J.: 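Sharing a structure here in structure tokens format.
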Amino acid sequence: MNNPRIIVALDFSGKEQALILASELDPMFCRVKIGKELFTAAGPKIVEIFIKKGFEVFLDLKFHDIPNTVANACRVAADLGVWMINVHALGGKKMLIAARDALPLGGTKLVAVTLLTSMGPDDLESIGLNNEPGIVVQNLANLAHSCGLDGVVCSALEAKQLRKEMGANFCLVTPGIRPIDALTDDQSRIATPQMAIQNGADYLVIGRPISQAENPLLMLQYLNKEIEEQLAAN
Ligand code: C5P
């Protein structure tokens, strides 16, 4: 597969479980996401192990700090050889530009989290943001774009509007994906893989539907087939 669209979330508290799943996956058919939990438990070594196994890694540490600190963290993360890293767009323009400037163009992809999907209108109001979440997301995506970031993480439901506004070359990474007949777990604003691709998503972050499948590789192949069909129909 040329450009696998699925990023499997390795949401584990230890290296062993992550490696068991890795042995059931194939870097031909997916990328992987290492987040705060696994990274904190297993350190940069786990990134190295997955890269050695041939997987492209999205290091999901969502940096948010003063510009100098974020720039340095981005540089060190990119030096691990990862495919994608992210920062919070709420860190603001100076922080986003510092992060961008820290990375060579065309190397590690840099995307921004707009609003956490766990934030509803009440949460926004409580931190002094009085706009609708959709408007805040759009503003933050515009900011990320104007600072030269490669894209944003957003819900598949927001992807449609963002694809329209941001053009074809802005990368949209969407979590909250569930096959039509799957459990929703703790996700609320979910979309099927087809819906996400139809809405313009480039990459789909999928965790439990794959990690808890009886046969993760079979599930991965099934989801990839659905994605390929939808890409062809788009
Ligand atoms: O298991 P599941 O498919 O729900 O995992 C989704 C992954 O995407 C998790 O790693 C979760 O932290 C991440 N994520 C999310 N919603 C966001 C941002 C990230 O579910 N808005």
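Just so you know, these numbers come straight off a predicted model, no measurement behind them. As the structure lists them, so they are numbered: ligands from 1, and atoms in each ligand from 1.
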J.: Taking only Lys NZ, Arg NE, NH1 and NH2, and the carboxylate oxygens of Asp or Glu, determine whether Glu48 and Lys45 approach each other closer than 4.0 Å.
T.: yes
J.: Mind checking whether His88 and His64 have parallel, tilted or perpendicular rings, split at 30° and 60°?
T.: tilted
J.: For atom 2 (P) of ligand 1, what is the closest protein heavy atom, and at what distance to 0.1 Å?
T.: Arg178 NH2, 3.4 Å
J.: Regarding Arg178 and Asp185, does a basic nitrogen lie under 4.0 Å from an acidic carboxylate oxygen?
T.: yes
J.: Below 4.0 Å, non-hydrogen atoms only: which portion of Pro209 touches ligand 1? Side chain, backbone, both or neither.
T.: side chain
J.: Less than 4.0 Å is my threshold; does some heavy atom of Asp11 fall inside it relative to ligand 1?
T.: yes
J.: For atom 7 (C) of ligand 1, what's the nearest protein heavy atom and its distance?
T.: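 Minimum-distance protein heavy atom for atom 7 (C) of ligand 1 reads Val205 CG1, 3.7 Å.
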J.: Which atoms from ligand 1 have a heavy atom of Arg208 less than 4.0 Å away?
T.: 1 (O), 2 (P), 3 (O), 4 (O)
J.: Is it the case that more than 12 heavy atoms not belonging to Asn169 sit under 6.0 Å from its CG atom?
T.: no
J.: Which protein heavy atom lies closest to atom 3 (O) of ligand 1, and at what distance to 0.1 Å?
T.: Gly207 N, 2.8 Å
J.: Crowded around Ile180 CD1? As in, over 12 foreign heavy atoms under 6.0 Å?
T.: no
J.: Do Leu96 and Leu149 have side chains that approach each other closer than 4.5 Å (heavy atoms only, starting at C-beta)?
T.: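 Side-chain contact under 4.5 Å: yes.
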J.: Are Asp150 and Lys109 ion-paired here, with the side-chain N under 4.0 Å from a carboxylate O?
T.: no
J.: What residue and heavy atom of the protein are closest to atom 21 (N) of ligand 1, and at what distance?
T.: Thr117 OG1, 2.7 Å
J.: Establish, from distance only, whether the side-chain atoms of Asn224 and Glu228 form a donor-acceptor pair under 3.5 Å.
T.: no
J.: Which residue and non-hydrogen atom of the protein lie closest to atom 12 (O) of ligand 1, and at what distance in Å?
T.: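 Ranking protein heavy atoms by distance from atom 12 (O) of ligand 1, first comes Lys33 NZ, 4.2 Å.
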J.: Report the nearest protein non-hydrogen atom to atom 15 (C) of ligand 1: residue, atom name, distance rounded to 0.1 Å.
T.: Pro175 CB, 3.5 Å
J.: Considering only protein heavy atoms, which is closest to atom 6 (C) of ligand 1, and at what distance to one decimal place?
T.: Gln187 NE2, 3.7 Å
J.: Does any N or O atom in Leu116 lie less than 3.5 angstrom from one in ligand 1, N or O only?
T.: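 No: no nitrogen or oxygen of Leu116 is under 3.5 Å from one in ligand 1.
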J.: Please check whether Lys62 reaches ligand 1 - meaning an N/O of the residue sits under 3.5 Å from an N/O of the ligand, judged on distance alone.
T.: no
